[in-house]
Structures are given as C-alpha cells and as structure tokens.
Amino acid sequence: MTEKLILIDGNSLAFRAFYALPLLSNRAGIHTNAVYGFTLLLDKIIKDEAPTHFLVAFDAGKTTFRHSTFGDYKGGRQKTPPELSEQFPLIRKLVDAYHIKHYELDNYEADDIIGTLAREATEKKMKTIIITGDRDLTQLVNDSVSVYYTKKGVTDIDHYTPEFVREQYGFGPEKIIDLKGLMGDKSDNIPGVPGIGEKTAVKLLLEYGTVEEVISHLDDIKGKKLQENLTTYQADALMSKQLATIEVHAPIEIHLDDIKLSAENNDKKIELFKELEFKQMLDHMETAPVIEQKALELTERFEEISLAGPTSLFIDCFKDNYLVNEILPIAVTDGEKIFVTSSDNLQDSLIAYLEGAEQKNVFDAKKTAVLLKRLDVDVKNIRFDVMLASYLLDPSKTIVDVAETAALHGMVIPNNEQIFGKGAKMAIPETEALFDYFGRQAMTIHQLTDVMKRELENNEQLKLHDELELPLSLVLAGMEYRGITVDRQALIEMQGELKTRIDELMNRIYTLAGHEFNINSPKQLGVILFEELGLPAAKKTKTGYSTAVDVLEGLRDKHEIIQAILDYRQLAKLQSTYVEGLQKMIAEDGKIHTRFNQVLAQTGRLSSVEPNLQNIPIRLEEGRKIRKAFTASQPGWVIFAADYSQIELRVLAHITEDRSMMEAFNHGIDIHTKTAMEVFDVEKDDVTADMRRQAKAVNFGIVYGISDYGLSQSLGISRPAAARFIEDYLTSFPNVKQYMDDIILEAKRDGYVSTLLNRRRYIPDINARNFNARGFAERTAMNTPIQGSAADIIKLAMVNYDREVQKTDFKANLLLQVHDELIFEVPEEEIEAFSLFVKDIMEHALELNVPLLVESNYGQSWYEAK
DNA sequence: CGCTATGTGG
DNA sequence: AGCAATCACATAGCGG
C-alpha cells in the first residue's frame, strides 16, 4: 500500500471551524462548534484520502523563536474568544479519540512542526497533504507535498500543487517566502515593504527572482517611490522573509514512524460524542459497526447448505432491467457454506427451498421475486431485505449495489462495476469469477442482515421494514411483472395527427423567423428570438438566453412566432416523450412494464422508470388523450382509478390538529376555499375564484415545500408578496405555524425528522450558515413528515389491499401507483363491489384525526377513469 | 458519455 | 451584492 501522510494545522483549523459554524453547546453549557467542525473535517479527510500517517500540530504558547527576531511578531492579533479557547482541550481529546497523534513544541509554531515532518516525508518520497486555513504554508508545496486550504466552511477545500501555485503567481512555491518578504503579512504582523502589495511583489520577483536579488538591483528599479521604499526598508524585507520562512529543521521529538495510523475501535469516539452530544455522529457510528469479512467456502452440493437457520439468497441479472435482461446465477448461503448455480435448470431441491418455509435474506426483494418469477419460481418467506433496510436507515445513502451498502459497514468487496465493467464495455465475466462474486454477494447479505436488523430495531423501524416496505416490494414485483396494456394502434394514430400539426407549426415558425433552424435547440431559438427578431430577453441561463415557458409567455403579445413556438413545444413534447417514447416501451405481450424504484425518493415516495408512468399528462386535454392508450388487458374489463383527496393536507391537519383545518375535512368543506376564507378573512360565499386559486397555490407550496420564491413564481407575484401570503397563512393556521417551528427544532435536536410510520430523513444542513442551504433544510424538515406520511399511508393501503384481496373472489389487478392514486384493471361486473372494497381499504389504511377520502372512477381506458 | 435546458406529474 | 429557489424522470442538443 502506498503511504500517505496528513499534517493538520490544528490551531488554524480550530479557528476556521469556530467561525464557520454557529455557536453550538451541549447541556453542560460547553461550546462545541469548533470541535464539531473539526470532527467533520477529520471524517472527510480519512474518508477521502485514506492516509497511513497522520499528525495534528498545534502552536505551543505565546512566544516563539520568531519573537526574538521581531518582538511584535503576530502583534495586533485579536484575543482568541473564550468560547473557542475552552474548546482546545476538547479538540485534543477528539484527536486522541480518533487515535491520531498530536504534537506541539515550545518556542515553535505548528507550521514549523509541519514543515519539518513534510521535509522528512519528502526525503522518503512519501505523499504528503497539509491541511490548514492559513496561506502561510504554501511555501512547503512540492511534487510530493500538497497543501489543502479550507475555503468557506470546513469541508470545502482548495488543493495547492506546484502547478497550481505557478499558475497563480507565475513562480513556484519556493518563492512564496520572498513574496511575503516584500508584501508582508497583515495577519502575522510581518511588515514587508510599505507600498508593495501582491501585484508589485509578484512583478519584482518575476524580474529578479528573490528578495536578495531585488535588493542588489535597487538602482534598476523603476518608479521613484518604489525604489525609495525598497532602499529604506531593505532590512525589513530581509527580516520579513526570514519571519515568513518555515523552519524545516525544528528539534521535534516525533517522527514519521511515531505517527502511523492503525485500525482501532470507536469506543473513545463514542464516549466523547456522547459527552459532546454529537447525536448525528453517534447515529452514524453506532449504526455502522465494522464487519469482518468471512472467507468464501463454495460448494457444488446444495445439500451441504444448512436450511435449519436463516439463509441468504442472491440472484441478479446482467444490467439494470431485471424484467427482460439475462438472468445470472443464484447463490445461497447459510453463513458458512455457499452454493452457487447457474439459473437455467434449477434442481428440485433448490426450488423446494426457494418456495418453502426457509427464512431468506436478500438484497432487493422485488428484483429477486421478479427474476425468480421469470424462472417460474414463486419465492416464499423472504424475511429481510438489506437494500430496503439501508434505505430506511438513511434514504440519502444512494443505493448502488451490495458492495456500496457493505462499504457503509467497513466491508470492502468487489462492486458491480469492477466485475462487469461499465458503459459499452459491460460484459459478463467467466464462470469462476462470476460464481465467486455471487458467493461473496450472498455471504455479505448474510453478514449485513444481523447488523442492519439491529440498527432498524434501535431506530424503531423494524416494523416499517417487516410490515410495510418488504411486503410492499412483493406487491410491486407483481405489478411490474404484470404490466399495463397499451393500445399501440391508438398511439400510432395520435402520432400521425401530431406529425401533421407539428409540421404545420414548424413551417409557420420558419416563415416567421425568415429561415429554417432547429426549434428544439434552445441555443438556436435564443438567437432567433433575442437577436434576429430583437425580442427582449427576460432571463438568462448559464449558457445563454432562457427560452422557458414563463419567458415565452411574457412575449406572447410581442410576436406571432411565440404562440407558434409554445404550441410546437407542447406537441413536440407529447410526440417524442409520450407518443413515440411509450411505443418503444411496449413489450411483446402488448404491455408496458415499468419498474418502481422503492429506495430512491428522499420522502419515501416511489419513482417509476423505463418508462416513467407517474408523469403521464393530465392537466392539458391535448396531453390527457395519451391516457386513452392505457387499457385493461382483456375484453369486458375496465380501468379503475382510486385517488386520495388532499391526502397531504389531511395529514397536516392530523399532525397539527389545527382546528379550522380539521373542521374543513370533518365537514367536507373544500380545503382551498377554507384556506381562502381564513387567509383573506372572508365568509365562504365571498371567496372569489381568484382567492381560491391563490389559496390553492399556497397549499401546493405547503405540500411540496416550496419557498417564497417558488410561490411567487407559481402565482406570478412578487417575492415579498408571496412571503406575506405565507405569513398570513401561518397566522390563520396557528397550529401549523407551531408545527413548522417545532419540527425545525426537532430536526436540530435529533438531526432528522420522521413520518407517522417512523420513516426517517436526516437534515444535515439544518444548522448550515449558508442561508440557502439552511432555508432548504428547514423546508425539507417541514415538508418531509407531510409528504412522507402520505407516502406511508398509500403504501400501507397497497399492502393491505394485496393481503385482503386474496381472501376475496375479486379478479381485479393492481397496475400502477401514482403517489396518491392506485390504478387497477377490473372485470366490469365486479366494479361496484370492488370500488367499495378498495375505498374502504384506502380510507382506513391508517386512522387519523380527520377522515381520509378516496374518490374513484372507471372506464375503457385510463383517460375515461377520471 | 455527460452536461444543459426544457417540460411532465404529484 | 448576488446567489439560488420541490423532486424524479425523459428527451433533445451539443461538446468532448
């Protein structure tokens, strides 16, 4: 392994961390923000750089050898605030807890310790990274030493390499001391030469090379004042250079061999984090114990696998789409031995196991169930899904593969990309490597299961896994596998009609523009509109003019071409994304099989891919017609859609117990009208259509967590006006205001917010100094319990539906979920009973303080089910 | 292949 | 002062 040394300037980074974070303190009243920032930094460095050697250097005391050269060295510095001073012992304790050495030396600064060790490392050609907040250390940069400077905050970092320095100044790092000699350094009270700043100093050094050379060419210097100053202050320049020079032969008593990092336990860290009340750090630590990897013991005889206890199962396919792609082997383990077999011609004993009562752990139950269905196996008794567990523990951890999830627990195993390659070069490896890989996957799942189950238990999320997400994944597997019938002929007809209209619009646009161009290129369109036609450009994007809808709408009256472009855009979108796009997705069975991603959306919602069937047009009639192509799979059956009415706002009413909001739902009053009544303080009959429209937009904002800016955009009003709206809203619904305040405090206290069924979302930015980041975090904290609880409820309804429908004679099939609605296909003769059945299940999935209301419709196609 | 701009839904 | 502004997915354009 290549060795890598990290040297940290402890004092400088403590200052940085202190000023970068708000003043936090623990219950004992000790301030902790600098310690916290330091922790974030250490974690980041260890994760990003994987060092083998590590030292944190501190300044020893007030005076150093530099003070004997210049008594006023570092004079005029502000006193360290006591809130920071009290944190230094804790920072040393923190460094100890990470099992990292720290060091200080009387009469020397941290810089000199760092310089000396960097020199030792350079001599051994050891790669070295110095991390600091002060620019002083740039002089130490060379081919094996880089200096990282923290920019804003603690973990935003600039990398200084020799090339980088040369790019900045035109000369290498060795001349930084000359630079300081001439220009001085305000923060260290190094005088330099009066009248010389960075610009002049760089110019002089580019010409003469060093301070000494500049002094020996005083007569050649152009500029009278400059020459005069250099002559008068030449001694100061030389002294300043000396002061700025870092000592690389300090008499340190700690050397490279003493600062090796070794794998140690986390006990001291946990203890300290408890004392400091770093809850989020603790969460991450305690939920992420390191797991030792088990050896691979592959067997060719399934009989050797013990089926008495829990087993783990891994099956996968080549590439993402498990509904169609080639199925790869299956691996089963009991935690000791591993059996791997090709998935064609499964032996009877294996099938019996898969369909039997044996308890199985998996990574991605949905994919597992679908792949096995394709092999004609009806898998039973999956009891744990490591992938779902990972998502529930922390939805922000992107789920890639088993390896990535295992890495969260310190296990390093080959990942998908290493085995299969990526992009066009993807390939299935030869059998032995493939079997080994599958064996490792199964064993890793087995090892992760115990740990992650305990983590879920600690979070009180085991029920959420066992009774909601895991059963749901099997319901979704059924939906994906079944698919929804799509009438290709209907799409072809639309395609022809659209083509004619698009061609007409295209020609009209060319005529109005005076020549042909690519209307689909925002770049070309921008040139036409804002240069050739001279229309006023309202908004810019990073790359040029914005031609987005809201911009074009503002120009509608300015030129005929605008309406034509808007119409063209609308139809072109329908044509390419839906009419043509959907046709490409129709499988041989005449159906579209979307896949639902159950572990992506941070709120707990599902998403849908290849194709996305959760964004089929509905708002505009033109687009809505696409839905005519979605039909039932057999004659005499219909499409039946059941949707929750205002589920998010009902959840909000439930959580806040706001009187007037609950009253609206309890008495069936239209919620937007009710909102308008409260916000505008008018009687029901005095609510105008426009007042209701505005109230609706505010409710929309509440549900989706948009900002005042977002609301101002959707209402076409000014931002202050939008902010006032939100304020009025919160005054009208005091409990909502109370909830919003409370949930932000909760996020600050716990580091996360929760839904009704204990789904979690961590809100790391809730204490951010950056206004935007914090604002966004706050809206996330407010919005996630609302949207997430709504997601919980419909998921619960799906699981309950699936369980209950099996006890009935209904032949209906659940086809799709679109966030607040479920789409079924149902034999016409059972519609009436089925409708009541579904309504009952959905409305009583969870009992709230307000009733849940489900509305439903049915018809020949999804279009008619409105 | 990856980024940008755009637009669809809830 | 200026930044950025709900999220997930898909398409087309465009440059490397």
Side-chain angles (χ1 to χ4, degrees), chain A residues 152 395 422-426 517-526 539-553 565-566 568-582 584-585 594-620 622-624 626-627 643-649 697 699-714 719 722-723 761 768 770-780 782-784 786-788 790-791 794 816-822 862:
Chain A
K152 285 178 200 162
K422 68 168 177 176
K425 290 190 215 77
M426 283 251 272
F517 67 101
N518 189 343
I519 310 169
N520 292 325
S521 164
K523 197 174 154 191
Q524 295 183 35
L525 184 59
K539 222 169 53 171
K540 289 209 133 199
T541 65
K542 272 178 255 178
T543 51
Y545 309 107
S546 170
T547 66
V549 173
D550 50 327
V551 174
L552 296 191
E553 273 172 351
I565 290 169
L566 286 168
Y568 170 89
R569 279 254 180 93
Q570 193 203 336
L571 300 188
K573 175 81 177 178
L574 290 178
Q575 185 78 309
S576 64
T577 304
Y578 298 104
V579 176
E580 291 171 355
L582 287 176
K584 291 179 197 148
M585 305 305 295
T594 185
R595 300 194 314 283
F596 293 100
N597 195 334
Q598 201 182 343
V599 293
L600 187 138
Q602 302 296 302
T603 53
R605 278 184 166 191
L606 300 175
S607 73
S608 153
V609 290
E610 283 187 66
N612 180 357
L613 292 186
Q614 291 181 321
N615 71 344
I616 303 300
I618 188 164
R619 286 173 204 179
L620 300 172
E622 204 69 65
R624 192 172 198 158
I626 300 284
R627 294 178 174 231
D643 69 287
Y644 281 108
S645 160
Q646 301 299 344
I647 186 168
E648 287 94 349
L649 292 175
N699 282 329
F700 176 88
I702 298 289
V703 168
Y704 292 118
I706 62 173
S707 59
D708 50 0
Y709 173 84
L711 181 64
S712 75
Q713 291 294 295
S714 71
R719 195 171 132 169
R761 181 171 186 182
N770 177 306
F771 178 82
N772 289 314
R774 192 177 62 247
F776 184 51
E778 287 173 356
R779 294 202 304 280
T780 304
M782 301 186 279
N783 162 255
T784 298
I786 303 170
Q787 201 178 108
I794 192 164
L816 298 173
Q817 187 251 44
V818 190
H819 309 307
D820 64 356
E821 67 175 329
L822 297 176
W862 195 1

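- In this structure, A/N520 reaches the sugar-phosphate backbone alone: every heavy-atom distance under 4.0 Å involves primed, P, OP1 or OP2 atoms, never a base.
- Residues passing the ring-ring contact (aromatic ring centres under 6.0 Å, His included) test with A/F596: none are found, sequence neighbours excluded.
- The residue A/Q713 sits apart from the nucleic acid: no heavy atom pair falls under 4.0 Å.
- In this structure, A/F776 reaches the sugar-phosphate backbone alone: every heavy-atom distance under 4.0 Å involves primed, P, OP1 or OP2 atoms, never a base.
- By the side chain to side chain donor-acceptor pair (under 3.5 Å) test, A/N770 is found to be paired with no residue, residues two or more places apart in sequence or in another chain being considered.
- Residues passing the side chain to side chain donor-acceptor pair (under 3.5 Å) test with A/Q575: none are found, sequence neighbours excluded.
- Taken from OG1 in A/T594 to CD in A/Q817, the straight-line distance is 11.0 Å, to the nearest 0.5 Å.
- With sequence neighbours excluded, the residues satisfying side-chain contact (heavy atoms from CB on, under 4.5 Å) with A/P522 are A/T547.
- Residues satisfying the side-chain contact (heavy atoms from CB on, under 4.5 Å) test with A/S645, not counting sequence neighbours, are A/R650, A/L853, A/E855.
- Only the P atoms considered, C/dA5 is 13 Å distant from B/dT4, to the nearest whole Å.
- Judged by closest nucleotide on DNA chain C, A/R605 is the one of A/P611 and A/R605 placed further toward the 5' end.
- Scored by the side chain to side chain donor-acceptor pair (under 3.5 Å) test, A/K540 finds no partners at all (sequence neighbours excluded).
- Summarising the geometry of A/Y578 relative to A/I626, their closest heavy-atom pair is CB-CD1, 3.7 Å, with the distance given to 0.1 Å.
- By the ring-ring contact (aromatic ring centres under 6.0 Å, His included) test, A/F700 pairs with A/Y704, sequence neighbours left out.
- Here A/T780 lies out of heavy-atom contact (under 4.0 Å) with every strand.
- Nearest approach of A/R627 to A/I616, heavy atoms of both residues: NH2-O, 2.8 Å.
- Legend: residues meeting salt bridge (charged side-chain N to carboxylate O under 4.0 Å, His left out) with A/R779, ordered by chain and number and at least two apart, are absent.
- Near DNA chain B, meaning a heavy atom under 4.0 Å away, the residues from residues 571-579 of chain A are A/K573, A/Y578.
- Nucleic acid contact for A/N612: sugar-phosphate only, since backbone atoms but no base atoms lie under 4.0 Å from a heavy atom of the residue.
- Nucleotides B/dG9 and C/dA4 are separated by 27 Å at their P atoms, to the nearest Å.
- Residue contacts for A/V549: at a heavy-atom cut-off of 4.0 Å it reaches the sugar-phosphate backbone alone, with no base atom in range.
- A/R761 meets the side chain to side chain donor-acceptor pair (under 3.5 Å) test with A/T784; sequence neighbours excluded.
- Note on A/R595: nothing from the nucleic acid sits closer than 4.0 angstrom, heavy atoms only.
- Chain A approaches DNA chain B over the interval B/dC1 to B/dG10, counting the first and last nucleotide 5' to 3' with an atom under 4.0 Å from its heavy atoms.
- At the heavy-atom level, A/N518 lies under 4.0 Å from the strands shown only through sugar-phosphate atoms.
- At a threshold of 4.0 angstrom between heavy atoms, the contacts of A/S712 with the nucleic acid are absent.
- Residue contacts for A/E648: at a heavy-atom cut-off of 4.0 Å it reaches no nucleic acid atom on any strand shown.
- Taking 4.0 Å as the cutoff to heavy atoms of chain A, we find the contact window on DNA chain C bounded by C/dC3 to C/dG15.
- Residue contacts for A/T603: at a heavy-atom cut-off of 4.0 Å it reaches no nucleic acid atom on any strand shown.
- Heavy atoms of A/R569 sit under 4.0 angstrom from primed sugar atoms or phosphate atoms, though from no base atom.
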